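Reviewing the structure listed below.
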Amino acid sequence: MEGKCSSTTELTSDRHCSSVVIECSSSGYGICSGSCLMSIVTKYSEKIILTESDAKPRTSRRKEKLKIPANAKRKDNVDCSSEWQGPPPWDPSIGGDGYPKFLCDVMIEGLAKHLRCVGIDAAIPSSKKPEPRDLLNQTYKEGRILLTRDAKLLKYQYLAGNQVYRVKSLLKHDQLAEVINIFQLKISEDQLMSRCTKCNGSFIQKPLTLEEAVEASKGFQIIPTCLFNRNLEFWKCTDCNQLYWEGTQYHNAVQRFLSVCNISD
């Protein structure tokens, strides 16, 4: 009660206190006098005392703690620049197998096909709109380097042990040359056209004859009849069974990649 006044109020809610005098102090706040105050405190003390859990600030359950790999650098210790800060995870000096492996995001899937054409293991996301966490989890688990054009992914690279590189070039051939130069990839002529551009699988080591290729293509792929009278070699992907042969497109692709990879004829 505010104001300078004094009145008598009956508290009907408590039978132990028939009347209480509410005295107005100079500050304007009402003070309950008499034994009724002790009665109220005793009766409702358990309801007004704060427990330890009430004293702690509550946090939202939606926020989950990020799981950081044991060998990954902390976020505050990672330089999020676009320059590569190796060594790559396949480096033998850190326990790698020596075989380069990349993961190209949806923005540069064309680069993945070019890397496969020169014999490099290049995977693409299984989803058309993958979440950054999905990309980084696949990168870390499979020991790959994530190649991207999205600068926003660089701030998450500490989750994948610093395995993210932002490609600067726009054209696919320039992007391939950039990746080869940055990661010092050694490409030999035998590696050209040695992986399936469709699924990233490897080819069988022994070329197929025409009869074997026709048998393998039944119900799956059609071989043009114009190839039957030509002495061609066929290859089959070990994963998706896609057939390839030495046609005009094959020879043109080989010539292009010979120059990009700095391989002399």
Side-chain angles (χ1 to χ4, degrees), residues 72-73 78-94 96-126 128-130 132 134-202 249-265:
K73 298 181 179 180
V78 175
D79 182 9
C80 295
S81 65
S82 59
E83 300 299 329
W84 171 245
Q85 303 173 27
W90 59 78
D91 194 322
S93 63
I94 58 174
D97 56 9
Y99 294 97
K101 293 190 294 184
F102 296 94
L103 174 63
C104 299
D105 69 0
V106 294
M107 299 178 67
I108 51 174
E109 287 188 4
L111 174 59
K113 293 184 177 181
H114 274 49
L115 286 169
R116 295 169 183 176
C117 286
V118 297
I120 301 298
D121 186 345
I124 59 175
S126 56
K128 292 183 179 180
K129 295 183 178 180
D134 297 332
L135 291 173
L136 295 166
N137 284 340
Q138 182 178 354
T139 299
Y140 176 73
K141 291 179 181 179
E142 299 179 5
R144 299 180 180 273
I145 293 293
L146 175 59
L147 301 177
T148 180
R149 286 278 303 161
D150 189 359
K152 296 180 180 179
L153 285 176
L154 293 176
K155 65 180 180 180
Y156 298 109
Q157 63 181 335
Y158 72 101
L159 293 174
N162 194 26
Q163 294 170 217
V164 183
Y165 175 74
R166 181 176 181 270
V167 179
K168 303 177 182 62
S169 304
L170 298 177
L171 301 179
K172 289 181 291 186
H173 275 70
D174 295 337
Q175 291 175 348
L176 176 61
E178 178 183 344
V179 172
I180 291 175
N181 179 59
I182 290 294
F183 297 98
Q184 298 296 306
L185 303 180
K186 305 298 181 183
I187 310 297
S188 64
E189 188 173 357
D190 295 336
Q191 291 179 254
L192 298 182
M193 313 306 293
S194 62
R195 300 189 72 89
C196 179
T197 58
K198 181 179 179 180
C199 74
N200 196 37
S202 301
Q249 294 182 354
Y250 170 85
H251 290 288
N252 292 339
V254 169
Q255 292 300 320
R256 289 199 306 269
F257 291 120
L258 283 174
S259 59
V260 174
C261 300
N262 296 321
I263 301 174
S264 57
D265 296 336

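By convention here, the first residue in the shown sequence is residue 1. Worth saying up front: this structure is predicted, and the values here are computed from it rather than measured.
- Ser188 is linked by a side-chain hydrogen bond (donor to acceptor under 3.5 Å, both in side chains) to Gln191, counting only residues two or more places apart in sequence or in another chain.
- Every residue two or more places apart in sequence or in another chain that forms a side-chain contact (heavy atoms from CB on, under 4.5 Å) with Ala177 is listed here: Val260.
- The side-chain hydrogen bond (donor to acceptor under 3.5 Å, both in side chains) check on Arg195 picks up Asn200, with sequence neighbours excluded.
- Nearest heavy-atom pair across Pro87 and Asp91 is CB-OD2, 3.6 Å.
- Residues Arg116 and Cys199 come closest through the heavy atom pair NH1-N, 4.0 Å.
- Atom CD of Gln138 is separated from atom CD1 of Ile124 by 9.5 Å, given to the nearest 0.5 angstrom.
- Under the side-chain contact (heavy atoms from CB on, under 4.5 Å) criterion, Asp97 pairs with Trp90, Tyr99, sequence neighbours left out.
- Asp105 meets the side-chain hydrogen bond (donor to acceptor under 3.5 Å, both in side chains) test with Thr148; sequence neighbours excluded.
- Within the structure, side-chain hydrogen bond (donor to acceptor under 3.5 Å, both in side chains) pairs that include any residue of residues 176-187 comprise Tyr165-Glu178, Ser169-Glu178 (at least two apart or interchain).
- Here CZ of Phe183 is found 11.5 Å from CD1 of Ile180. Values are rounded to the nearest 0.5 Å.
- Distance CG/Leu176 to CG/Leu171: 12.0 Å, rounded to 0.5 Å.
- For His251, the side-chain contact (heavy atoms from CB on, under 4.5 Å) partners are Glu246, not counting sequence neighbours.
- Pairing each heavy atom of Cys104 with each of Pro125, the nearest pair is O-CD, 3.0 Å.
- Of all heavy-atom pairs spanning Gly143 and Lys101, the tightest one is O-CE, 4.0 Å.
- When all heavy atoms of Gln163 and Thr139 are compared, the pair lying nearest together is NE2-O, 3.4 Å.
- Contact annotation: the side chain of Lys172 never approaches that of Leu111 to less than 4.5 Å [non-hydrogen atoms, C-beta and beyond].
- For the atom pair CZ (Phe257) and CD (Glu189), the distance works out to 13.5 Å, reported to the nearest 0.5 Å.
- When side chains are defined from C-beta on, His114 does not count as touching Gln175, because their heavy atoms never get closer than 4.5 Å.
- Inter-residue side-chain proximity for Val167 and Ile182 is flagged as unmet; no heavy-atom pair is nearer than 4.5 Å.
- Legend: residues meeting side-chain contact (heavy atoms from CB on, under 4.5 Å) with Lys113, ordered by chain and number and at least two apart, are absent.
- For the pair Pro89 and Ile94, the tightest heavy-atom approach, listed with the atom from each and the gap, is CA-CD1, 3.9 Å.
- Taking CD1 from Ile108 and CZ from Phe102, the interatomic distance works out to 10.5 Å, rounded to the nearest 0.5 Å.
- Between atom CG of residue Leu192 and atom OH of residue Tyr250 there is a gap of 7.5 Å, rounded to the nearest 0.5 Å.
- A salt bridge (charged side-chain N to carboxylate O under 4.0 Å, His left out) check over residues 137-151, counting only residues at least two apart or in different chains, returns the pairs Asp121-Arg144, Glu142-Arg144.
- Applying the side-chain hydrogen bond (donor to acceptor under 3.5 Å, both in side chains) criterion to Glu109, with sequence neighbours excluded, gives no partner residue.
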